[in-house]
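Okay, structure first, notes after.
Values reported hereafter were calculated over all heavy atoms of this structure, with side chains retained and with hydrogens, waters and symmetry mates removed. Residue numbers start from 1 in every chain, and the chains themselves are labelled A, B, ... in the order their sequence lines are given, proteins ahead of strands.
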Amino acid sequence: MFRGFKGGIHPPENKHFSGGKSFSNLSVPHSCFIPLQQHIGKPAKPVVEPGQSVEEGQLIGSSDGFISANVHSSIPGKVVEIREHPTVYTPFGQCVVIETGGAFASNVTREPDNTWAELPGEELLGRIRECGIVGLGGAAFPTMVKLSPPRNKVIDTLLINGSECEPYLTVDDMLLRTYPAEIIEGTRIILKILGVKRAVIGVEKNKPDAVRALKQAISASRFREKVEIWTLKTKYPQGAEKQLIKAVLNREVPSGGLPMDAAVVVQNVGTVFAIREAVLFKKSLFERYITVTGAIVNNPGNYKVRIGTRISDILREIGGLTEEPAKIIMGGPMCGISLNSLEVPVVKGTSGVLFLGKNEVDVVDYRPCIRCGRCVTVCPSGLLPCDLCNAVEKNQLQIAEGLSPFDCIMCGSCTYVCPSRRPISHFIKVGQQRLRKLK
Amino acid sequence: MDLEKNEQEKKESKAPKIELVLSNPPHIRAPQSVTSIMWLVVVSLLPALAFSVYLFGAKALYLIAVSTGTAMVAETLYQLAMRKKATPFDGSAVITGILLAMNVPPDAPLWMVGIGSAFAIIIAKQLFGGLGFNIFNPALAGRAFLLASWPVYMATAWHRFTDTNILSRGIQNCSNIPPGAFDAITGATPLAVLKGASKYINEMNVQADAFYTTLLSNQMLKSLALGDIGGCLGETSALFLLAGALLLLYKRIITWHIPASYMGTVAVFTAIYYFLNPVPGSETVGHFIPRMVLFHLLSGGLVLGAFYMATDMVTTPVTRKGMILFGVGCGIITCLIRLWGGYPEGVSYSILLMNATVPLIDKLFKPRVYGTFRKHTSHEE
């Protein structure tokens with residue numbers, strides 16, 4: 001039986017820099033810059049004022065609308081100001097600036113609430129909303145929305161995404177190795193919320209330790225739900241929702257649809273971990289695990305950091321770089337966003353920070369398409385990326401529209417393989433924007 | 001206290017700013033670039049080129065040098081005239097030059113090759129918009145131009161191993177063909193001998209079985225494989241060309257789809273043809289059909305065409321299925337020309353003709369977009 005998705009690439013994994021390094025907690029930073037927009041949807045509305053004292057985990061930005069999320073203070077202290085500051089998504093994002101101070105007050109409960117299995121799903125969902133949980137894999141879509149599909153949609157499988165196909169990143173791998181029992185408990189919480197019987201945790205083949213840990217954790221505990229562990233082929237973009245669904249369930253999400261149209265909900269392992277903490281400890285999402293990595297990082301590894309910690313603070317604490325960085329990427333090298341400043345703070349969707357040195361960054365002009373067809377071979381969506389790119393480049397939007405630009409998942413595989421160094425996926429994105437404007 | 005901290009922060013912000021590169025994802029790229037691909041193709045052609053120089057002598061080297069040099073100069077001059085960035089060293093003009101040189105007879109005049117090379121670069125490539133925009137394989141367009149303009153040079157300027165022998169140094173009169181007729185046979189290239197079969201048999205009183213025994217002898221097939229035969233510079237050594245092609249396959253610069261479907265089609269087509277049209281005199285030749293198929297595969301420009309010219313990225317389909325159809329089309333046209341046409345060889349015209357169909361093939365074999373369904377399919381596993 002063919003299980004897998006079409007296309008894909010095998011970039012150098014480079015996971016050895018931080019792979020296998022256990023989590024260490026970074027100290028509480030002196031100040032935090034907490035963006036009000038850390039998720040897809042509307043930014044949160046600030047509910048604190050300059051001068052106000054806040055405790056760890058206190059609500060500082062309130063969810064504004066259905067697709068939005070709460071934002072919390074990651075450190076106890078005083079609100080200094082609310083001002084514009086470079087964030088990963090925009091050069092001038094509204095940020096609540098908080099300085100540490102006072103007693104270490106926290107609103108996180110110390111004792112786990114083990115009664116969750118008896119609570120109604122709405123209550124659990126409410127805790128997830130209150131705690132501002134969003135997808136931690138990178139897209140930062142509000143989890144509460146994902147976990148409340150419309151009534152007419154039948155969901156039969158929950159997919160937990162532990163594939164971590166991005167090169168360099170190891171945070172999900174370490175999460176699975178370190179907290180397998182917690183991930184499985186979180187999975188059961190989601191199953192309860194969705195009222196679904198079956199969950200599959202998909203892990204790429206290059207993480208055998210994670211698979212072993214999960215299997216041990218399952219055999220060590222007893223529960224009724226069906227949680228399966230699947231080893232998947234190591235191939236980028238195995239972790240893309242639609243490709244994961246195809247690989248595990250051999251289903252395709254209809255064009256223009258969402259995973260729930262294929263009766264599936266997909267959650268990243270980091271999100272599952274955060275969901276469990278939200279439900280058991282009412283702990284809002286004010287800290288997360290990230291990978292700090294790159295050949296020029298002195299101490300690459302996996303760290304627990306407070307949301308709002310600036311990259312400069314992280315670097316200072318972990319021992320800096322061996323040379324000046326030429327590029328700083330938030331996320332992995334395939335989908336991550338390059339930053340223009342060390343002052344950008346970590347947000348909920350930050351899975352890692354990657355530093356590239358001068359030799360690892362090549363700035364070359366792109367050349368005409370030579371129609372080698374490599375982009376066609378690797379495109380997991382079955383598009384003709386080269387033709388789409390050429391059409392957008394010449395602003396032939398009508399032609400571009402006929403080439404299904406909105407089915408592109410922005411994995412960047414086409415750009416990766418292009419020998420003419422054409423920014424294909426970027427052109428496709430531009431095409432999408434121009435076409436949306438026309439409509 | 002707060003003031004102090006503010007001061008501290010201000011100092012930090014005054015720290016020397018680092019220059020950071022901003023770009024869209026992805027931030028890593030596969031190592032192969034257009035230039036590295038082109039030069040690797042050049043490297044893969046070196047064994048065959050070296051062999052042609054060994055076989056034909058310095059004149060082969062001059063032909064290659066003139067053809068390649070003219071291609072690079074023509075590319076540069078045109079690009080400068082059009083105020084574009086000149087790219088003579090990206091390897092693509094070099095390949096066109098080399099391939100054109102491999103497509104002319106060893107005794108062809110140098111000026112003719114120069115003109116053909118300039119035609120290939122300026123008319124067939126740059127006028128269409130340069131690398132990536134040409135519809136036809138430039139080297140083959142150049143060859144077609146030369147064949148139409150100076151057919152005598154293109155069809156007769158063969159290298160002579162001895163006074164009369166063009167065919168092969170190793171071939172011997174193993175079936176007692178009359179000496180005069182044998183001289184006539186060895187005075188042509190392998191495919192031309194095959195094309196002239198009826199002439200030799202009917203007019204020169206060569207026994208049909210003796211003719212085919214000689215043509216398909218082990219010695220002849222060995223000469224074809226090793227390249228010890230008359231023909232264009234690049235028609236000769238199948239083995240050296242295959243060695244270079246293996247490198248390209250290993251480096252994934254070409255895929256198996258076009259060469260395999262092309263050569264496979266020629267093999268199947270010729271096998272069926274000789275099965276349905278038994279050649280008089282062929283009964284005495286053991287394993288006639290396999291030998292004939294091998295003869296067709298190894299002779300002429302098929303190996304060079306299938307691995308190096310039908311795989312030219314710019315002028316071939318982008319999808320795997322399209323590539324297979326392209327190869328099959330090339331194979332059929334090649335056989336049509338070889339078996340029924342006026343020319344002994346049809347590789348170059350078959351590829352040129354199929355080049356013209358590429359937009360159509362690409363339209364026909366669009367991949368299925370994820371999440372779209374041609375037929376009604378359920379979500380059941």
- Query: Do the charged groups of A:D362 and B:R29 touch, with an N to O distance under 4.0 Å?
  - Reply: no

- Message: Check this for me, if you would: do A:E343 and A:R310 make a salt bridge, where the nitrogen-to-carboxylate-oxygen distance has to be below 4.0 angstrom?
- Response: yes

- Pair listing, salt bridge (charged side-chain N to carboxylate O under 4.0 Å, His left out) test, anchored in residues 384-393 of chain A, at least two apart: A:E393-A:R422

- Selection from A:L383, A:I409, A:L384, A:V417 maximising heavy-atom pairs under 4.5 Å formed with chain B: A:L384

- Message: Among residues at least two apart in sequence or on other chains, which ones pass salt bridge (Lys or Arg N to Asp or Glu O under 4.0 Å) with A:E228?
- Response: A:R198, A:K226

- Item | Residue, of A:V361, A:L356, A:L339, A:I337, that accumulates the most heavy atom pairs under 4.5 Å with chain B | A:L339

- Task: Examine the side chains of A:T415 and A:R421 and answer whether a donor and an acceptor come within less than 3.5 Å of each other.
- Result: no

- The interface call for A:P11 against chain B, heavy-atom contacts under 4.5 Å, is side chain

- Leading residue by heavy atom contact count with chain B [cutoff under 4.5 Å; candidates A:S404, A:A263, A:S381, A:P368]: A:S381

- Task: Counting only heavy atoms closer than 4.5 Å, note whether B:T316 contacts chain A via side chain, backbone, both or neither.
- Result: backbone

- Checking heavy atoms, do the side chain of A:S420, its backbone, both or neither come under 4.5 Å from chain B? both

- Message: Is B:R320 close to chain A through its backbone or its side chain, or both, or neither, when contacts mean heavy atoms under 4.5 Å?
- Response: side chain

- Task: Sort out for me which of A:G257, A:C372, A:C411 touches chain B most, counting heavy-atom pairs under 4.5 Å.
- Result: A:C372

- Verify the distance criterion only: is there a donor paired with an acceptor across the side chains of B:Q32 and B:R252 at less than 3.5 Å? no

- Toward chain A, the part of B:I253 with a non-hydrogen atom under 4.5 Å: both

- Query: So, are A:E324 and A:K358 salt-bridged, with charged N and O less than 4.0 Å apart?
  - Reply: no

- Checked A:S413, A:P12, A:G336, A:G331 vs chain B; the most non-hydrogen pairs under 4.5 Å come from A:G336

- Can A:R83 and A:E81 be counted as an ion pair, charged N to O under 4.0 angstrom? yes

- Where on B:I37 is there a heavy atom nearer than 4.5 Å to chain A: the side chain, the backbone, both, or neither? side chain

- Note on the structure: In terms of heavy-atom pairs under 4.5 Å with chain B, the winner among A:Q243, A:K429, A:M410, A:R367 is A:R367

